[in-house]
Amino acid sequence: MGEEDYYLELCDRPVHFEKANPVNCVFFDEANKQVFAVRSGGATGVVVKGPDDRNPISFRMEDKGEVKCIKFSLENKILAVQRTSKTVDFSNFIPDSSQLEYTQECKTKNANILGFCWTSSTEIVFITDQGIEFYQVLPEKRNLKLLKSQNINVNWYMYCPEGAVILLSTTVLGNVLQPFYFRAGTMSKLPKFEIELPSVPKSTKLNLSERDIAMATIYGQLYVLFLRHHSRTSSSTGAEVVLYHLPREGACKKMHILKLNRTGKFALNVVDNLVVVHHQDTETSVIFDIKLRGEFDGTVTFHHPVLPARSIQPYQIPMAGPAPVTSQSPVPCKLYSSSWIVFQPDIIISASQGYLWNLQVKLQPIVNLLPDKGRLMDFLLQRKECKMVILSVCSQMLSESDRATLPVIATVFDKLNHEYKKYLDAEQSYTTALEAGQSRSSPLLKRPVRTQAVIDQSDMYTHVLSVFTEKDMPHKFVIAVLMEYIRSLNQFQITVQNSSGPGPPWPLLWCRWVIGKRALLPSLSSALLTRARHQDAGPAQSLLYAASVLAVPCSQRLQAFVFTLLPTSCLWIC
């Protein structure tokens, strides 16, 4: 397969670190997205690297035993290191501050620390097997202050830094999850919820593993993803991913089920609001988009993969070493390796090879893999870097070789203008609120963000329609496409931009094209007359007048013609 067949790829600038070996231990911090390479317990050096770090952080620390966990606070001001099951050691990395370590022991008697999470630059949470302890770190005083604690039996925990939520697995089976939300020095206990296991457990041992749970933000909402290896229904084969929506207020609710239709070893990522499911046995991945229409049974929505399963694009690892050595050919990376570790949302780490990658979605190959233009447009409009791909799709469907039918073109125009109209309305509401006296600094007043999904008239004119009218295409088709776009604008009550105002000179585009096709004028006039007979008297008179003057090469009269177009479909012309 060529590059155009792969819709997933590893980033071309990964984080490279010393690979794991008996002397060097590797740790990952999910909050700062940093990799720690700790040699000999830190005595011979600690190197910290992250995707956005221009310069790695290097330091040494006294070897006081095996390091179980190591993380920087947000902004890298304080280092926390866990070496025992009872205590966590701290070191300040603040200029002009003491470098001496200070230690905090967990408060709960006989408890063992499972791990810890930084929730801010000076706030940290200890998770023990008997509960949760929320502390404020006071670096100047070199001690910690307990803010809040909660006693609860804990099997394992998971932290989502984007949502500032810690999830605790409780009960004997482990399938009752208790979330806690952290913000500005406060800890809030959210309603607990139960994960539905595939079948009734035959024993009372732990049935829900942290390997089968992930937390991620999808379309601005926090979800708990449960990889259920066997469906609860006998008629369904294969594993599935169950999405539970976890709101800040209210109960957690099961919302979506992603059908994998296969069994084996899986791993999950979330990239650009898409759920990516990796399958190790076949060395392929599939993607799901919960915004696309699925099958709703009254309770949950079932989704199938958006595209056929594909491997991640092959990746070449450059040879490290002196210049003469690096001239050698790169080494192919073993994809879907058993040594891969996946972290949310889009991190893949190979500790044995010493690389951290961000997983990325390639949009251009998807254009040819998703033939339904309406569904394709629904998919692309939700992606971050979609504008140029959408415009290329529009150009493609107007080309001679891949020409789409007019109903399909109308559907695409309507989907684009629906997004365009939403942005214009939001911008108008913002302007109105400012004129009414609301302050720009008000937390309730936010200027709408213009995403790449907003394809305005200037974009369409510059990249699609002005180029399209220059091609040698059937005359009726050109007229129909131009009229269809303006029809769509009118349908969404978007003012058609003209030559006297900002934006593309639509009437001049019409004028230039129609005057250049004078031989077509009689048939165009006839078409307009046919259409006018199906309109009300008032609009019909305008259309008849427009048709009667088309034979005169006058741009002003052509402008009058353009702006008499009605917000009704012009599918009749083809």
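FYI, the numbering just counts along the sequence from 1. Note that this is a predicted model, so its numbers are computed, not measured.
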For [X] and [Y], work out which heavy atoms get closest and say how close.
| X | Y | result |
| --- | --- | --- |
| Tyr336 | Ser285 | OH-OG, 2.7 Å |
| Asn155 | Thr171 | ND2-O, 2.9 Å |
| Pro179 | Lys192 | CD-CA, 4.0 Å |
| Thr119 | Ile124 | OG1-N, 4.4 Å |
| Cys252 | Pro247 | CA-CD, 4.1 Å |
| Leu168 | Tyr157 | CD2-CB, 3.7 Å |

Exercise for review: Given side chain to side chain donor-acceptor pair (under 3.5 Å), test Arg60 with Ser40 step by step and report yes or no.
Suggested key: CA-CA 10 Å; Arg60 295 174 186 268; Ser40 305; over 6 Å; no
Neighbour count above 12 (heavy atom, 6.0 Å) for [X] [atom1]:
| X | atom1 | result |
| --- | --- | --- |
| Asn153 | CG | no |
| Arg211 | CZ | no |
| Lys77 | NZ | no |
| Lys19 | NZ | no |

So do the side chains of [X] and [Y] get within less than 4.5 Å of each other, counting heavy atoms only?
| X | Y | value |
| --- | --- | --- |
| Asn269 | Ile348 | yes |
| Cys25 | Phe36 | no |
| Val48 | Phe59 | yes |
| Phe93 | Ser91 | yes |
| Cys117 | Glu30 | yes |
| Thr87 | Cys106 | no |
| Val306 | Leu370 | yes |
| Ile257 | His303 | no |

Practice item. Evaluate the side chain to side chain donor-acceptor pair (under 3.5 Å) criterion for residues Ser188 and Arg183: first the C-alpha distance (whole Å), next the side-chain angles of each, then the deciding distance (0.1 Å), finally the verdict. Key: CA-CA 8 Å; Ser188 304; Arg183 182 182 180 185; over 6 Å; no
[X] side chain to [Y] backbone, donor-acceptor under 3.5 Å:
| X | Y | answer |
| --- | --- | --- |
| Gln130 | Asn110 | yes |
| His16 | Gly354 | yes |
| Ser350 | Trp340 | no |
| Gln280 | Gly264 | no |
| Trp156 | Leu114 | no |
| Ser73 | Ile78 | yes |

May I ask you to check whether [X] and [Y] show a side-chain donor-acceptor distance below 3.5 Å?
| X | Y | value |
| --- | --- | --- |
| Glu210 | Ser169 | no |
| Gln452 | Glu385 | yes |
| Gln360 | Asp272 | no |
| Asp29 | Asn32 | yes |

Using 0.5 Å steps for rounding, measure from the [atom1] atom of [X] to the [atom2] atom of [Y].
| X | Y | atom1 | atom2 | value |
| --- | --- | --- | --- | --- |
| Gln313 | Cys333 | CD | SG | 12.0 Å |
| Gln104 | Phe116 | CD | CZ | 13.0 Å |
| Leu243 | Lys254 | CG | NZ | 11.5 Å |
| Leu144 | Lys141 | CG | NZ | 12.0 Å |
| Thr122 | Gln136 | OG1 | CD | 5.5 Å |
| Ile195 | Asp212 | CD1 | CG | 10.5 Å |

Practice item. For side chain to side chain contact (heavy atoms under 4.5 Å, CB included), just list the numbers for Phe180 and Leu190, CA-CA rounded to whole Å, side-chain angles, deciding distance to a tenth of an Å, and then say yes or no. Key: CA-CA 6 Å; Phe180 289 88; Leu190 303 180; over 6 Å; no
Exercise for review: Determine, stepwise, if the pair Thr108 / Glu133 fulfils side chain to side chain contact (heavy atoms under 4.5 Å, CB included).
Suggested key: CA-CA 9 Å; Thr108 308; Glu133 301 174 4; 3.1 Å; yes
**Study point:** side chain to side chain contact (heavy atoms under 4.5 Å, CB included) evaluation trace for Thr128 with Val154
**Key:** CA-CA 7 Å; Thr128 74; Val154 180; 6.0 Å; no
Review point. Would you call the rings of Trp357 and Tyr315 parallel, tilted or perpendicular if under 30° counts as parallel and over 60° as perpendicular?
Key: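 Aromatic pair Trp357/Tyr315 classed perpendicular.
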Review point. Where do Phe288 and Val276 land on the side chain to side chain contact (heavy atoms under 4.5 Å, CB included) test, with the steps shown first?
Key: CA-CA 7 Å; Phe288 294 86; Val276 182; over 6 Å; no
Sorted by first residue and then second, give each salt bridge (charged side-chain N to carboxylate O under 4.0 Å, His left out) pair with at least one member in [range]; sequence neighbours left out.
| range | result |
| --- | --- |
| residues 107-129 | none |
| residues 147-170 | Lys33-Glu162 |
| residues 289-301 | Asp289-Arg383 |

Review point. Considering the options Tyr181, Phe182, Phe126, which one meets the ring pair (Phe, Tyr, Trp, His ring centres under 6.0 Å) requirement together with Phe134?
Key: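 Answer to the ring pair (Phe, Tyr, Trp, His ring centres under 6.0 Å) test with Phe134 among Tyr181, Phe182, Phe126: Phe182.
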Point to revise | For Glu283, salt bridge (Lys or Arg N to Asp or Glu O under 4.0 Å) partners two or more places apart | key: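 Only Lys334 meet the salt bridge (Lys or Arg N to Asp or Glu O under 4.0 Å) criterion with Glu283.
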Check your understanding: On the ring face of Phe90, is Arg142 found with NZ or CZ under 6.0 Å from the centre and within 45° of the axis?
Key ->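 Verdict for Phe90: no cation-pi partner in Arg142.
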Distance-only donor-acceptor hits, side chain of residues 63-70, under 3.5 Å, sequence neighbours excluded:
residue : atom : partner : partner atom : Å
Asp63   : OD1  : Gly65   : N            : 3.1
Lys64   : NZ   : Glu101  : OE1          : 2.8

Practice item. With sequence neighbours excluded, tell me which residues meet ring-ring contact (aromatic ring centres under 6.0 Å, His included) with Tyr223. Key: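 ring-ring contact (aromatic ring centres under 6.0 Å, His included) list for Tyr223, sorted by chain: His245.
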NZ/NE/NH1/NH2 to OD/OE distance under 4.0 Å, [X] and [Y]:
| X | Y | answer |
| --- | --- | --- |
| Arg83 | Asp89 | yes |
| Glu105 | Lys86 | no |
| Arg450 | Glu427 | no |

Check your understanding: For the residue pair Tyr244 and Phe226, is the inter-centroid distance of their aromatic rings smaller than 6.0 Å?
Key ->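 So the answer is no for these two rings.
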